[in-house]
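Below: the structure, in structure tokens.
Computed from a prediction, not measured in an experiment: that's the story for all the values here. Residue indices begin at 1 and follow the sequence shown.
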Amino acid sequence: MHHASRAQTAALFICGMVVSASVFADVDSARSRGAAWLIEQQRGDGSWATADGALPVQATSTALTAIRNAGLLRSPTFGAAGAWLANADADSVDSLSRKVQGLAAAGLLTTAQVEADRLFALRSFASQATWGGYGSSGLDYIDTALALTAVSMGDANYNSKLTANPSTIVNAVCKLAEGRVNVAVGKQAWPTTQPAVSQSAGQGRPSVLATVLVLQELLGLQQRAGLNSVNCPTAFLLTTLRTEGQAWLIDQQNADGGFGEQRTDGSKGRSTVLLSAWVLRLLNSQNPVPQPQTGNLQAWLLGQQNAASGAWRNDPLVTAAVLTALPVASGAQSVDSDRDGIPDVVEQALSGASSSVADARNRLAAPSLSVAGANASGFVAAATVGQPFDHGLTGGTSYSVASGSLPPGLSLNATTGRIVGTPVQAGSFSFDYRVGSAGLAIGRIDVSAALMADVPLPPWALPLLGSLIGASAGWRRWRST
């Protein structure tokens with residue numbers, strides 16, 4: 001009996017390893033095929049939109065995070081999207097929040113700061129960082145959670161806002177804590193908006209989306225800012241708020257593994273891909289990740305992928321949302337043999353692409369990134385520390401860097417538009433530049449560290465090196481005895 005038990009345990013362990021490997025293989029394939037489909041859907045100006053052509057700011061911002069997570073940070077696709085988003089109009093709290101988050105994800109911190117300042121100015125009250133829809137004076141929990149996350153990502157002065165006395169950020173957290181809906185003992189949730197006089201029963205019901213976004217922001221406050229409690233004057237522990245919110249959220253999971261928005265009568269709504277992706281992104285960020293709920297949800301989402309195209313619902317926003325919820329590409333999934341910015345696994349899913357030829361720029365659709373009278377063509381270029389660099393801007397007779405900075409060692413000729421020099425520092429450098437009197441465009445130069453070359457040792461170093469090797473070998477023999 002004892003031997004049978006051990007055999008069963010071993011069999012279960014091996015079976016678990018096979019299932020785990022299969023799950024990871026499914027995720028990797030889904031990610032690469034979804035990213036390839038997104039690349040093919042990018043519009044000529046660098047943006048994405050929903051299947052019906054709406055919400056370009058939200059879709060492009062989400063797609064930027066999605067393709068970054070898929071390993072396309074250095075691709076022309078990523079650069080074109082960042083250039084478009086930096087020049088896009090965003091008026092609502094939702095779109096402006098998504099824009100700031102997308103710019104921060106793209107590393108365009110100068111432009112993100114400008115938009116974060118504009119977003120912060122739209123808050124409902126001077127004393128608290130809460131927002132209503134389109135800058136109204138009410139309290140919308142979805143908009144407030146989105147905006148708080150955006151400000152934390154794009155505002156370099158975020159810490160001073162958090163630690164100020166009184167703190168607009170802490171005051172906002174108090175409003176979030178006080179606005180929960182008490183569902184049951186140990187189970188709390190958030191509605192979409194602050195309760196109003198004479199509202200219908202449906203308006204005050206718990207919302208899956210609002211709860212997910214608030215929980216994500218509470219987790220961010222703990223991880224980024226080290227904020228663990230607030231006094232409002234009632235004391236609230238952020239961990240307790242998160243635990244009780246997550247307990248309610250998990251109860252909303254449907255039998256198929258997905259999530260839907262709760263109906264007016266309190267019953268569970270039909271599972272939708274977009275909402276389920278938001279939930280998966282939250283659950284995957286928890287420590288520990290709740291199981292089996294997360295595994296069942298991810299399996300349901302992977303099952304919703306279009307087997308032919310690689311998309312979800314044939315919609316760029318929905319597809320990008322799912323990709324942001326899946327684990328980030330790493331290891332073999334991020335290998336880029338031809339160094340064109342698109343990983344090999346993604347190129348293999350792209351029709352007509354080759355992982356041995358630097359052909360990523362061929363994926364950009366016509367027209368160019370420029371919009372007459374609005375912006376000039378954005379660009380992404382690669383350089384190496386210690387190697388001469390030369391890149392020419394075109395389209396005008398005068399050129400200038402408006403904000404940000406070129407990599408140290410490079411300079412821009414204001415007349416010819418040529419960026420030349422020898423980089424001395426590795427890193428990704430984003431900047432806004434202007435061609436003539438046109439609007440701003442975004443440039444980015446990714447500087448790689450210098451490769452180590454074989455340098456012959458001087459004669460005097462050879463004996464010293466030999467003695468060091470000998471001493472090292474003796475030490476290893478001593479360690480092994």
Working note: Asp91 + Leu96, criterion side chain to side chain contact (heavy atoms under 4.5 Å, CB included); need CA distance, chi angles, decisive distance, verdict.
CA-CA 6 Å; Asp91 298 316; Leu96 192 53; over 6 Å; no
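- The CD atom of Glu40 lies 5.0 Å from the CG atom of Leu350; values are rounded to the nearest 0.5 Å.
- With respect to Val214, the side-chain contact (heavy atoms from CB on, under 4.5 Å) criterion is satisfied by exactly one of Val212, Thr211, Leu218: Leu218.
- The pair Arg224-Glu217 meets the salt-bridge criterion, since a charged nitrogen lies less than 4.0 angstrom from a carboxylate oxygen.
- Residues passing the side-chain hydrogen bond (donor to acceptor under 3.5 Å, both in side chains) test with Glu244 are Arg180, sequence neighbours excluded.
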Using the rule given for side chain to side chain contact (heavy atoms under 4.5 Å, CB included), can you reason through Asn231 versus Phe236, listing the C-alpha separation, both sets of side-chain angles and the distance that settles it, and then say yes or no?
CA-CA 6 Å; Asn231 294 314; Phe236 292 97; over 6 Å; no
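- Here the OG atom belonging to Ser207 is positioned 11.5 Å from the CH2 atom belonging to Trp190, to the nearest 0.5 angstrom.
- When side chains are defined from C-beta on, Gln58 does not count as touching Lys99, because their heavy atoms never get closer than 4.5 Å.
- In this structure, the side chain of Asp140 does not engage the main chain of Thr193 through any donor-acceptor pair within 3.5 Å.
- Ser127 places none of its side-chain heavy atoms less than 4.5 Å from the side chain of Thr168.
- Contact of the Gln41 side chain with the Ser309 side chain is not registered, since no non-hydrogen atoms from C-beta on lie closer than 4.5 Å.
- Note: Ser47 OG to Leu55 CG = 12.0 Å, rounded to the nearest 0.5 Å.
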Gln188 and Leu241: side chain to side chain contact (heavy atoms under 4.5 Å, CB included), yes or no, with the steps?
CA-CA 8 Å; Gln188 310 281 344; Leu241 295 176; over 6 Å; no
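- The distance from the CG atom of Asn284 to the CG atom of Leu326 is 8.0 Å, given to the nearest 0.5 Å.
- Smallest separation of non-hydrogen atoms from Tyr141 and Ala210: CB-CB, 4.5 Å.
- In terms of modelled atom types and a separation under 3.5 Å, the side chain of Ser32 and the main chain of Ser29 share a donor-acceptor contact.
- Taking CD1 from Ile142 and CG from Leu209, the interatomic distance works out to 4.0 Å, rounded to the nearest 0.5 Å.
- Atom NZ of Lys187 is surrounded by 12 or fewer heavy atoms from other residues, nucleotides or ligands within 6.0 Å.
- Here the straight-line distance linking atom OG of Ser276 with atom CZ of Arg281 works out to 15.0 Å at 0.5 Å rounding.
- Using a 4.0 Å cut-off between charged nitrogen and carboxylate oxygen, Arg339 and Asp336 do not count as a salt-bridge pair.
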For Gln128 and Ser124: C-alpha separation, side-chain torsions, deciding distance, then whether side chain to side chain contact (heavy atoms under 4.5 Å, CB included) applies.
CA-CA 8 Å; Gln128 65 190 45; Ser124 301; 5.6 Å; no
